[in-house]
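This one's a predicted model, so the numbers in the text were calculated from it and none came from an experiment.
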Amino acid sequence: MVTLNSTLLEEVKMKDIYPLELIRNIGIMAHIDAGKTTTTERILFYTGKIYRMGEVHEGTATMDWMDQEKERGVTITAAATTCFWKEHRINIIDTPGHVDFTAEVERSLRVLDGAIAIFCGVGGVEPQSETVWHQADKYQVPRIAFINKMDRVGADYFATIDEMKEKLDAQPLVLQLPLGEGENFRGMIDLVRMKAILYEKDELGQEFEVRELTPEERREAEKWQEKLIEQLGEIEEEILEKYLEGEEISPELMEKAIRKATLEKFWVPVLCGSALKNKGIQPLLDAIVKFLPSPMDIPPIKGIHPKTGEEIERKPSVSAPFSALAFKISTDPFVGRLTYARIYSGKIKPGEKVFNATRGKEERISKILLLHANKKEERRQGHAGEIVGLIGLKETFTGDTLCDRSHPIILEKPRFPEPVVSLAIEPRNKDEAEKLTVALRKLEEEDPTFKVKYDPETGQTLLSGMGELHLEVLATRLIREFKVQARLGKPQVSYREAIRKEVVQEGKFIRQTGGRGHYGHVVLKLEPSEDKEFEFINEIKGGVIPSQYIPAVEKGVKEALETGVLAGYPVIRIKVHLIDGSYHEVDSSDLAFYTAASIAVREGLKKAEPYLLEPIMRLEVVIPEEYLGQVLGDLNARNGEIEEIKHRGKTTIIIAYVPLREMFGYATILRSLTQGRGSYVMEFSKFMEVPEELAKKLMEEY
């Protein structure tokens, strides 16, 4: 491992460069209220980034800088920061835990090299923990688990580890054992070095004692260390040999094997502590730099050439051609439009031009910023392995690839779920209408799960998002940040439409005017899809439609599917094949083929036996067991399907699937049923066909 002496370290910081081996790009992810932001706050304190620890419950946490985050006590937007620990530079993104803001987690994991998954020692593996874990699986992000809140009554370290195996299909590598539990939690046993780490010297946790184990502690620790060595022996031959021959295995050899297991097999080192009580953060920082990957440990990023479609890759090197992924756009009151980007290769300086390969446009970077929550620090350059803020990019959006024009590449975009809740909004007067349009456009640029749609038939503007809280936060931002006065309707379910049978439909758009006419002719096959929301398949052979018109056909298909024929909702679970058509050498145009495709889709949908779908939510309700009867009765009345009821101590957990239309205002009802002691989380699960009576009602209203 590369190390730097302090003089060289200062020189490196001054030159705005940093050895890639010493960089860690990590995310902090978990269920809501598991302690992500509190843990980040402690990391910043112990690394010297801040000099006073803020608290989420007091509204003083550094990373929860938005007014609404301070008021609500939840993280809403992913915040980035940078700190240094033992000569390593750690770039951190603190992500939200609430399911309504899952897009923030998705786009962060797309650009991160490693992650810390935080679990509540009392709650164990909670629903959003599962969601973010599977998001990390999708992007193959190595991670460390930190079991937090070990100072709380009812905390169970080993039960949480068992749940990790059962619910997440994880392979935990237990590196620590807790010393004491509940209020008596005072530290942990390090199973690699076989030492006790005690936090009893000062309340801020800056000083801790490392001592030898007592005979009783050693007996328990040896059992767990043997399990750890057996696991590591599976991937490190030297450990297996020494173990079988009864030789001592050094901590350095074990750490080498733990790193290998984490990076190659995605096994998960497990540590414990209490962020709120300032215990266990320094060993967590040590684990970050020892076990999580640097940009050099990640395979070269792959993408495609925008013109040829061939697969190409970029190595994480400053000397390689420049490539970066824009993963977030935000509107900053001081610097304007800010683009968050992960640089995968090469380097860039302020004033230089970059090529947006996704949109085929060139843009100029005016400033490069190092981010610390809502504070910014100007940089002289950005290079491979870094997460930076870029100023000056006017036409770059979430998921766009920035690169060197002479070496173009398009990297894979993060994918986002479709919104399921809508509400109508209208400006209070004409003066507010323009302000509203500008504000909504900015919010839509920032948040890929927020959609704005204008309904010409009703004259309404519809906002769609991931849940009531999501839309509530955006509405508050409109009023506070953008000073827009508008009337909001009640939240409505965002239904979908689908088809039952396959149809072949012709679409023609032929117009002859005085000059050049319009000629577009397509034949489409529409069929139900089991596995994809939408797929467009070009089956044209022999040039019956020239290739330059195919994108216009696809665009016409996509836009026609945004408004179904039954009740005006988007059409999903559909494959559209372009199977035939014709063109005119003079009169054909993109517009003509776009229109022909739209006509074919609209007519085809009517014949394909369309039906309506509604979102079904997975609900996890946590209540004291004495309220079980009332809560179950209420869920049954809401057409809920109870999947499981389980008990953890004196707490009962109900898992149910309930139509979203039945869930508006549920927070108030649950508080009333449980005297304020119940809580719940809800996330989108699937779309199912709506009951016949509701379908009739929706169609009549349309």
Salt bridge [X]-[Y], side-chain N to carboxylate O under 4.0 Å:
{"X": "R405", "Y": "E362", "answer": "yes"}
{"X": "E562", "Y": "K453", "answer": "no"}
{"X": "R477", "Y": "E446", "answer": "yes"}

Between [X] and [Y], what is the shortest heavy-atom contact and its length?
{"X": "P172", "Y": "V270", "result": "CB-CG2, 3.7 Å"}
{"X": "C83", "Y": "I92", "result": "SG-CD1, 3.9 Å"}
{"X": "T262", "Y": "P269", "result": "OG1-CG, 3.3 Å"}
{"X": "Y340", "Y": "S330", "result": "CE1-OG, 3.7 Å"}
{"X": "N148", "Y": "T39", "result": "ND2-OG1, 4.2 Å"}
{"X": "C403", "Y": "P408", "result": "SG-CA, 3.7 Å"}

Over 12 foreign heavy atoms within 6.0 Å of [atom1], [X]:
{"X": "K435", "atom1": "NZ", "answer": "yes"}
{"X": "E434", "atom1": "CD", "answer": "no"}
{"X": "D531", "atom1": "CG", "answer": "yes"}
{"X": "K138", "atom1": "NZ", "answer": "yes"}
{"X": "Q548", "atom1": "CD", "answer": "yes"}
{"X": "K315", "atom1": "NZ", "answer": "no"}

side-chain contact (heavy atoms from CB on, under 4.5 Å) between I26 and D113, worked out: CA-CA 6 Å; I26 64 161; D113 301 330; over 6 Å; no
Is the backbone N or O of [Y] less than 3.5 Å from a side-chain atom of [X], with the two atoms forming a donor-acceptor pair by type?
{"X": "R618", "Y": "E683", "value": "no"}
{"X": "E21", "Y": "M296", "value": "no"}
{"X": "D400", "Y": "F397", "value": "yes"}
{"X": "R110", "Y": "E412", "value": "yes"}
{"X": "R259", "Y": "K290", "value": "yes"}
{"X": "K483", "Y": "R480", "value": "yes"}
{"X": "R42", "Y": "L276", "value": "yes"}
{"X": "N25", "Y": "G385", "value": "yes"}
{"X": "R496", "Y": "P570", "value": "no"}
{"X": "E352", "Y": "K349", "value": "yes"}

Does a side-chain heavy-atom distance below 4.5 Å link [X] with [Y]?
{"X": "I425", "Y": "L478", "result": "yes"}
{"X": "I537", "Y": "E535", "result": "yes"}
{"X": "I343", "Y": "I348", "result": "yes"}
{"X": "F534", "Y": "I572", "result": "no"}
{"X": "M29", "Y": "I116", "result": "no"}
{"X": "R337", "Y": "I329", "result": "yes"}
{"X": "F355", "Y": "D404", "result": "no"}
{"X": "E377", "Y": "L369", "result": "no"}

Among R379, R342, K347, the one residue meeting side chain to side chain donor-acceptor pair (under 3.5 Å) with E386: R379
T358, N356, T401 screened by side chain to side chain donor-acceptor pair (under 3.5 Å) with T396, the one that passes: N356
Lys NZ or Arg CZ of R441 over F482 ring: under 6.0 Å, within 45°: no
Step-by-step side-chain contact (heavy atoms from CB on, under 4.5 Å) determination, I23 to H383: CA-CA 12 Å; I23 291 176; H383 64 81; 4.3 Å; yes
Reported [atom1]-to-[atom2] distance for the pair [X] and [Y], which is rounded to 0.5 angstrom:
{"X": "I409", "Y": "R314", "atom1": "CD1", "atom2": "CZ", "value": "4.5 Å"}
{"X": "F327", "Y": "L109", "atom1": "CZ", "atom2": "CG", "value": "11.0 Å"}
{"X": "R24", "Y": "I90", "atom1": "CZ", "atom2": "CD1", "value": "8.0 Å"}
{"X": "Y344", "Y": "F322", "atom1": "OH", "atom2": "CZ", "value": "12.0 Å"}
{"X": "H470", "Y": "S464", "atom1": "NE2", "atom2": "OG", "value": "10.5 Å"}
{"X": "L325", "Y": "I301", "atom1": "CG", "atom2": "CD1", "value": "7.5 Å"}

Modelled atom types, side-chain donor and acceptor of S345 and S323, under 3.5 Å: yes
Parallel, tilted or perpendicular, as decided by the 30° and 60° cut-offs, for the rings of F119 and W133: tilted
Salt bridge (Lys or Arg N to Asp or Glu O under 4.0 Å) between D137 and R143, intermediate numbers included: CA-CA 10 Å; D137 282 343; R143 65 217 83 148; 3.0 Å; yes
Pair L440-T461, side-chain contact (heavy atoms from CB on, under 4.5 Å): steps then yes or no: CA-CA 10 Å; L440 289 176; T461 299; 4.1 Å; yes
Pair E445-K442, salt bridge (Lys or Arg N to Asp or Glu O under 4.0 Å): steps then yes or no: CA-CA 5 Å; E445 282 180 11; K442 286 182 177 177; over 6 Å; no
Working for salt bridge (Lys or Arg N to Asp or Glu O under 4.0 Å), residues K353 and E363: CA-CA 6 Å; K353 286 182 178 176; E363 299 218 64; over 6 Å; no
Check against side-chain contact (heavy atoms from CB on, under 4.5 Å), S294 and L20: CA-CA 7 Å; S294 75; L20 291 180; 5.6 Å; no
Option from I43, T37, L112 for which side chain to side chain contact (heavy atoms under 4.5 Å, CB included) with I28 holds: I43
